[in-house]
Structures are given as C-alpha cells and as structure tokens.
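One structure below.
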Number of protein chains: 2
Amino acid sequence: MATREGRRRVTITDVASHAQVSTTAVSKVLRNAYGVSEAMRLKVQAAIDELGYRPQAAARAMRGQTFTIGVLLPHIRNPFFADILDGLTEEISGAGYQAVIVQSGGPDLRRERAAIDALVDRQADGILMIAPVTARTQLEETAKTTPTVVLGRHERSAVYDVVLDDDEAGTELVVEHLIALGHRRIAHITDPAGGRAGPLTLPQHVRAKTYERLMTEHGLTEHIAIAATSYTEEGGYAGTRELLARTPRPTAIFAGMDQAAFGALAAVHEAGLTVPGDISVVGYDNARAAALAHISLTSVDQDGAIMGKTAGRLLLERIQGRTSAVRFSVTPTLVPRRSTAPPPAG
Amino acid sequence: MATREGRRRVTITDVASHAQVSTTAVSKVLRNAYGVSEAMRLKVQAAIDELGYRPQAAARAMRGQTFTIGVLLPHIRNPFFADILDGLTEEISGAGYQAVIVQSGGPDLRRERAAIDALVDRQADGILMIAPVTARTQLEETAKTTPTVVLGRHERSAVYDVVLDDDEAGTELVVEHLIALGHRRIAHITDPAGGRAGPLTLPQHVRAKTYERLMTEHGLTEHIAIAATSYTEEGGYAGTRELLARTPRPTAIFAGMDQAAFGALAAVHEAGLTVPGDISVVGYDNARAAALAHISLTSVDQDGAIMGKTAGRLLLERIQGRTSAVRFSVTPTLVPRRSTAPPPAG
DNA sequence: GCGGTGATGGGTAACATTACCCATCACCGT
DNA sequence: ACGGTGATGGGTAATGTTACCCATCACCGC
C-alpha cells in the first residue's frame with residue numbers, strides 16, 4: 001500500500017523506447033548475451049546511463065537469476081564470520097553477485113529453518129550456511145534446489161560442498177603446545193549446542209572430542225576436565241569459574257574459541273590468579289583482539305578469508321552447473337603469544 | 001541455467017488445485033485478506049501445509065510486498081550493530097518481516113551506494129541504514145521510493161526517520177567524569193571518515209566536536225589533543241601511541257568507541273604504563289567485552305536494542321503509510337569501571 | 001543471380017502473485 | 001415473491017524480465 005509519491009521506477013521498457021530498440025535488445029545488453037553489435041551495445045548503454053536504469057531483481061528472479069548469494073549465520077557477533085564474509089564478497093562481487101546475510105539467532109532449529117527458508121523464498125542463486133545445526137537430510141533438501149555450501153561442518157554430502165577448518169589438527173596444535181610446555185592438567189571449554197547436526201559434525205564437538213582423545217593418548221585421562229558452557233565471553237567466564245573450583249585446579253585452559261578465552265582471562269584475573277604465571281589460556285580463531293598487547297592470547301589461526309573466498313568460488317561453480325561435490329579443508333596454525341607458559345613449579 | 005534436478009517448486013496454483021479453490025482464494029488466505037470464510041481458510045491452510053507451500057518472494061514483489069527489511073551497515077565487526085539488529089529483528093519478525101543485511105564494507109561512497117542499490121533493486125519494503133556516509137540528498141532520493149530509517153546521523157530530514165544516540169550527552173558524561181576525577185590533559189581518539197555526510201552529522205564528529213567544546217568550556221583548550229585514526233582496535237592502538245608520544249602526555253584517553261579503547265589499553269600496556277594508574281581510558285558503546293574483569297573499561301552505554309526496535313517500529317509505520325518524519329533519540333549513561341581513576345599525582 | 005550462412009534484432013509467452021472488479025448466493029424485510 | 005444487501009469466491013490483467021524462436025539482412029561462393 002502507501003503508494004509512494006516517487007515517480008515510477010525506470011523499467012527495461014523505458015530504456016528500450018528511449019534507445020529506440022526492443023526490450024529484448026536491452027535485456028541482451030544487460031546480460032552480455034550473444035547477438036549484440038557494438039553499436040547496439042553502446043546505444044543501449046547510453047540510454048541505461050541516461051535514465052539511471054537498474055534491473056529489478058524480482059522480475060529477473062521470475063525468469064532467471066537474482067545475482068544474490070545468501071549467507072546464513074548464527075549471529076554477527078563472532079568476528080571470525082567477518083573474515084569469512086570478506087573473502088566471500090571479494091570472490092563473488094567481481095561476478096556481479098551480492099551477498100545478503102540473514103541471522104538465525106543462534107542454535108535454534110526452528111529459527112534456523114526459517115532463516116534458510118527466507119533465503120530460498122527470495123531465490124538466492126546460492127546459499128552459504130555457516131555452522132548450521134539443521135539435520136543433514138534437511139540441508140540436502142535445500143541443496144537439491146539451490147546451490148549450497150556448508151561451512152564448518154565435518155561431514156560429506158553428495159549434493160552440497162563443504163568448506164572447513166581441520167579442527168583436529170588445530171586442537172592437536174594446542175594440546176601438544178601445552179604438553180610441550182609441561183602442562184598436564186589441561187582443561188577445555190566447549191559449547192554443547194548441536195541441534196540436529198551429527199554427533200561429530202560441528203567444530204566444537206570435534207575440538208572437544210579431539211581434546212579428549214589426545215589427553216588419553218598422552219596418558220592424561222584422569223586430568224580431562226571439560227566445561228560445557230558456550231562459545232561466548234559469558235560462557236568462557238562461567239566455564240572458567242567452574243574449572244578453577246575443581247581440585248586440583250587445571251594449569252591450562254583451552255577455550256574452543258577466542259571470545260570464550262577472553263571470558264576465561266577475565267575469570268582467572270578475577271580469581272586473583274595470573275596468566276600465564278598460574279594458568280595458561282589458549283583460544284581458537286585468532287581474532288584481532290587476541291593480538292592486542294594486554295591480552296596477547298595464544299590462539300589457533302584458521303584463514304577465514306580463504307574459507308569465504310573458496311566458498312564463493314564453489315558457489316559460483318555450482319551456479320554454473322557443477323553437480324559433483326567438493327570438500328575443502330584449511331589447515332590451521334598455532335600463534336603462540338604470552339598467555340601460555342610452563343605451569344607453575346610444584 | 002543449470003536446471004536443478006529438484007522437482008518444480010510448489011506454487012499457489014498447486015495449492016489452489018489441491019484445495020479445489022481458486023488461486024485468488026489462496027492468495028487471500030495468505031494475506032489474511034477480507035472475504036474469506038473460516039471453512040475456506042481451514043481448507044486452504046490444510047493444502048498449504050500438506051504441500052509445504054511457501055510463497056515466492058519474487059512473484060510477490062512484482063505486485064506487492066517482499067516482507068523484507070534491508071539493513072545497510074558498514075561491516076559486521078562492530079558488536080554494537082549486533083544489539084541494534086537484535087532489537088530490529090524482535091520488532092519486525094512478529095509482523096512477518098525478515099531482516100536481510102548487506103555490508104557496504106566501510107566508509108566508501110561507491111560501495112555504500114552499490115549496497116543501497118542492491119537493497120532497492122531487491123525491493124526491500126523498508127531500509128535501515130546504519131551510519132551511512134552518503135550525502136543527505138542522495139539518501140533522500142532513496143527514501144522517496146522506499147521507507148527509510150537512518151540510524152546514527154545527527155540530521156533532520158523530511159522524508160526519512162532518524163534514530164540516534166545523544167552523542168553530545170554521552171561525550172559530556174565522559175569528559176565531566178574525567179574532569180571530576182581531576183584530569184586535565186584529556187586526549188581523544190576519533191575517526192575522521194565522513195564521506196559526504198554533513199560536517200556535524202556522524203557520531204564520531206559530534207563526539208570529537210563536543211569533546212573540544214567541553215575542553216574549551218573548562219578552560220582546557222591548550223590540552224586538547226586529538227588522534228584521528230579510526231574506530232577500530234588498530235586505530236585505537238595507533239592513536240594512543242601517537243598521543244603518548246606527546247609532551248606532556250595525556251593522563252586520560254577518551255576513545256570514541258570501545259574497540260578503539262581496547263587498542264588504547266594495549267598501547268598503554270605496551271608502553272609500560274598502567275591503567276588507570278598512569279592513564280585512564282574510556283570507551284563508548286559499552287560492548288560486552290568492556291565488562292570483563294581484566295579489561296573493566298569505563299564506557300558509555302547506549303541502548304542499541306531499543307534503537308533497533310524503534311527503527312523497526314518506525315519502518316513498519318512508514319510501510320503502513322506514515323509520511324511525517326520522526327526523530328528518536330536515546331540518552332546514554334556512563335558505566336564507570338576500573339579503567340578510570342584520578343590522575344597520578346604531580 | 002541464387003541458395004546458403006552467420007550475425008543481429010525483435011516478438012511473444014511465460015514466470016508466480018495480487019489488486020481490482022464482478023458473479024453468485026443466502027438471507028433479509030417488505 | 002422480490003429487490004436489496006452483505007458475505008464470499010473467482011476471473012483477469014498486470015507486474016518486469018528473459019528464453020526461445022523467428023525474421024531480416026549482408027555477404028559469400030558458385
């Protein structure tokens with residue numbers, strides 16, 4: 001309703017009549033389609049510029065593409081997602097695609113489903129789902145209709161591509177680093193949220209499981225201590241308080257994500273303990289804040305920009321018609337900083 | 001291209017024939033339009049559920065609404081934006097609207113323009129622009145066609161609504177707090193980026209200008225010291241290094257935004273100085289991380305959720321047909337923490 | 001000169017939905 | 001019984017763009 005006072009939007013018909021050609025010709029110019037002479041191209045382009053014409057996405061969608069890549073993410077609070085988006089945008093904008101983001105609002109199955117539907121309803125040409133918690137079979141339903149890349153889930157699918165970080169390797173870097181420093185009582189903070197994703201699918205689960213495996217392999221089974229709170233500052237804070245209350249208390253805490261590690265730092269500090277004198281703390285994601293001098297958090301770096309760029313490339317390929325499934329994995333590296341040191345003597 | 005193997009999407013026609021009614025009837029049910037009996041509603045709803053029908057946004061857009069609110073923001077790295085989005089989503093989702101986010105990628109006029117166009121092309125029913133840098137006249141062109149709310153710009157417009165924080169009041173809280181503690185050499189870190197926004201339009205400019213005014217009013221003109229870097233961790237770090245190099249060096253640093261304040265904390269720490277012993281640091285936005293024990297940053301709280309919620313309400317009102325312009329301002333509060341204290345004696 | 005060929009431009013239908021208007025029907029009061 | 005009325009359902013055109021196919025034209029080799 002509310003007929004806007006604004007004059008009617010310029011359409012392809014306006015351009016056509018202004019340039020004295022058919023709408024078909026204009027459409028061809030817009031799409032760089034075959035069968036357009038240079039003279040025609042120039043004439044039409046001039047009319048387009050003069051009138052300030054922009055194609056209407058909805059009308060295009062009725063027949064063809066929307067030039068839209070939908071991105072589903074739990075929320076925008078995680079700075080790691082920003083790196084992914086930067087990479088994605090870099091890759092797809094050259095091809096004339098626009099990334100649009102919708103938040104699911106967290107690991108809520110219903111709301112995640114609604115967010116995915118929103119993208120499908122708007123006919124995104126491709127969808128990048130970041131760490132979704134929906135069951136694989138349901139994701140595959142979507143992927144059958146819309147080119148899909150799932151980022152961060154350890155699984156294989158015949159119908160969508162997967163981009164992920166080698167969380168086993170990353171966890172290994174952390175645990176080996178701490179053990180090499182002499183730590184034995186190494187605790188872990190994880191996020192139990194999993195929705196309907198398979199049991200060892202989401203990064204947090206792989207990290208936690210790998211932590212347990214490595215502890216066992218090093219004969220430290222008795223020192224396994226996990227606080228299952230969440231990958232947030234609050235979660236890291238609460239988890240650390242919980243872990244510090246145990247006897248004997250851990251000498252190192254591996255938080256599965258940087259923001260949780262920041263919360264851990266706060267809790268350690270609040271308990272009157274020092275980092276790394278009393279407790280070493282490690283994060284994951286190598287967020288920018290981890291590098292700040294007064295924080296200087298040892299963390300695992302996974303190249304989010306490359307992951308996003310690759311996801312974009314895979315989506316474009318699928319839009320072009322590729323149907324085989326691809327799996328792309330990046331190898332993380334450890335960035336040691338001043339939050340880790342040998343455990344206190346005794 | 002790339003005809004997806006997936007079976008054709010269920011359309012309103014499928015629902016109509018399945019329910020043995022007209023497409024018009026189905027459409028009415030979908031829109032809760034007038035002229036539908038309860039029996040009809042139930043019958044159609046049953047068919048919709050059975051077939052799993054979802055209306056196609058593009059086709060709706062051709063005739064009516066898209067039920068989409070577009071959000072333009074510079075980038076998702078700023079956690080304050082997350083609060084705004086939470087408020088917005090809360091307000092609009094009840095009315096069946098979906099928020100979709102596009103990033104402009106920073107204060108780049110061309111890219112911001114492209115991002116706005118992307119939302120207009122996709123026929124968002126309303127647009128929330130967060131701190132855009134485009135010239136007001138251009139924003140008004142868009143607002144004439146699409147209901148628009150601009151968040152964070154200190155200006156009035158006849159065609160769009162404005163939601164903002166009282167940055168003058170916020171800055172006053174900070175400066176008065178520091179002066180009350182005894183500080184005189186109070187420095188400020190700002191972000192010079194402005195694009196084509198008016199001279200005293202963007203929050204960073206208002207905060208910087210108010211800082212100068214207050215310093216002058218307190219007879220501290222000679223102590224005015226501004227580092228114009230950026231509202232980022234890097235900017236706060238670099239700006240602080242610059243400020244600490246001055247003689248005499250400031251005893252307090254007011255960073256115009258929390259992330260810049262975090263960078264400032266790092267720089268102060270790296271310089272071998274303590275907070276608040278040698279230098280007091282204040283931020284703005286009261287990000288969650290500001291509350292962490294080992295950071296404990298004094299900051300200005302502006303209620304982002306309320307701002308987002310209000311923006312959503314204003315957009316819905318405009319979609320309903322309101323044409324008068326509204327201006328909504330929230331009053332910030334100071335959250336004193338341990339990063340501020342009296343200056344060192346001498 | 002003539003049929004063939006390749007390049008270029010255009011006509012048309014189709015996409016899914018909704019606004020507008022009309023048709024139908026039951027029921028009412030006279 | 002009959003015109004009027006209000007409630008309900010449906011037919012149709014229109015939205016802007018593009019895929020498909022056809023028409024036209026210049027030019028070629030024979």
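All values below were derived from every heavy atom in this structure, side-chain atoms included, with hydrogens, water molecules and symmetry-related copies excluded. Numbered from 1 within each chain, the chains take letters A, B, ... in sequence-line order.
Here the nucleotide nearest the side chain of B:A25, chosen from D:dT18, D:dG10, C:dT18, is D:dG10. With C:dG10, D:dG9, D:dT17 as the choices, the nucleotide that has an atom nearest any side-chain atom of A:A59 turns out to be D:dT17. Checking C:dA16, D:dT17, C:dG10 against the side-chain heavy atoms of A:V21 singles out C:dG10 as nearest.
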Considering only distance and modelled atom types, tabulate donor-acceptor pairs under 3.5 Å from the side chains of residues 127-137 of chain B, sequence neighbours left out.
from: B:T134; atom 1: OG1; to: B:E112; atom 2: OE2; distance (Å): 2.5
from: B:R136; atom 1: NH1; to: B:R156; atom 2: O; distance (Å): 3.0

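Atom CE of B:M62 is separated from atom P of D:dT18 by 11 Å (rounded to the nearest Å). Distance CD (A:Q56) to C1' (D:dT15): 8 Å, rounded to an integer number of Å. Taking atom OH of residue B:Y53 and atom P of nucleotide C:dT18, one finds them 6 Å apart after rounding to whole Å. In this entry the distance linking CZ of B:R122 with P of D:dG16 reads 18 Å, nearest Å. As a whole-Å value, the separation of A:R9 CZ from D:dT15 C1' is 13 Å. Distance CD1 (B:I12) to P (D:dT12): 16 Å, rounded to an integer number of Å. The CG atom of B:L30 sits 15 Å away from the C1' atom of C:dA19 (whole-angstrom rounding). Straight-line distance from the CZ atom of A:R41 to the P atom of C:dG9: 12 Å, rounded to whole Å.
Within the nucleic acid shown, A:V26 has no heavy atom closer than 4.0 Å to any nucleic acid atom.
Across its full length, the helix from C:dG1-D:dC30 to C:dT30-D:dA1 shows an angle of 40° between the axes of its 5 terminal pairs at either end, rounded to 10 degrees.
For the 3.5 Å distance criterion, the side chains of A:T68 and A:R122 fail to qualify, holding no donor opposite an acceptor. In summary, the side chains of B:Q138 and B:R113 do present a donor paired with an acceptor at a separation below 3.5 Å, with no hydrogens or angles considered. Residues B:R41 and B:S37 bring no donor and acceptor atom of their side chains to less than 3.5 Å of each other.
Comparing B:K28 and A:V10 by the nucleotide of DNA chain D whose heavy atom lies nearest to each, the residue mapping closer to the 5' end is B:K28.
Checked by distance alone, B:R60 brings no side-chain donor or acceptor within 3.5 Å of a matching partner on the base of C:dT17. For A:R63 and C:dA14, a side-chain-to-base donor-acceptor distance below 3.5 Å is present, hydrogens and geometry of angles not being considered. Put simply, the side chain of B:T24 and the base of D:dG11 share a donor and an acceptor less than 3.5 Å apart.
The shortest distance between the side-chain N/O atoms of A:Y34 and the OP1/OP2 oxygens of C:dT8 is not below 4.0 Å. Phosphate contact (OP1/OP2 of D:dA7, side-chain N/O of B:S37, threshold under 4.0 Å): absent. Dashed line: the shortest gap from a side-chain N or O of A:T11 to OP1 or OP2 of D:dG16 is not under 4.0 Å.
Under 4.0 Å is where a charged nitrogen must lie from a carboxylate oxygen, and between B:E140 and B:K144 no such pair does. A salt bridge is absent between B:E91 and B:R313: the closest approach of a Lys/Arg side-chain nitrogen to an acidic carboxylate oxygen does not fall below 4.0 angstrom. Looking at B:D121 and A:R9, a side-chain N of the basic residue comes within less than 4.0 Å of a carboxylate O on the acidic one, giving a salt bridge.
Atom CZ of A:R54 sits in a crowded spot, with more than 12 heavy atoms from other residues, nucleotides or ligands closer than 6.0 Å.
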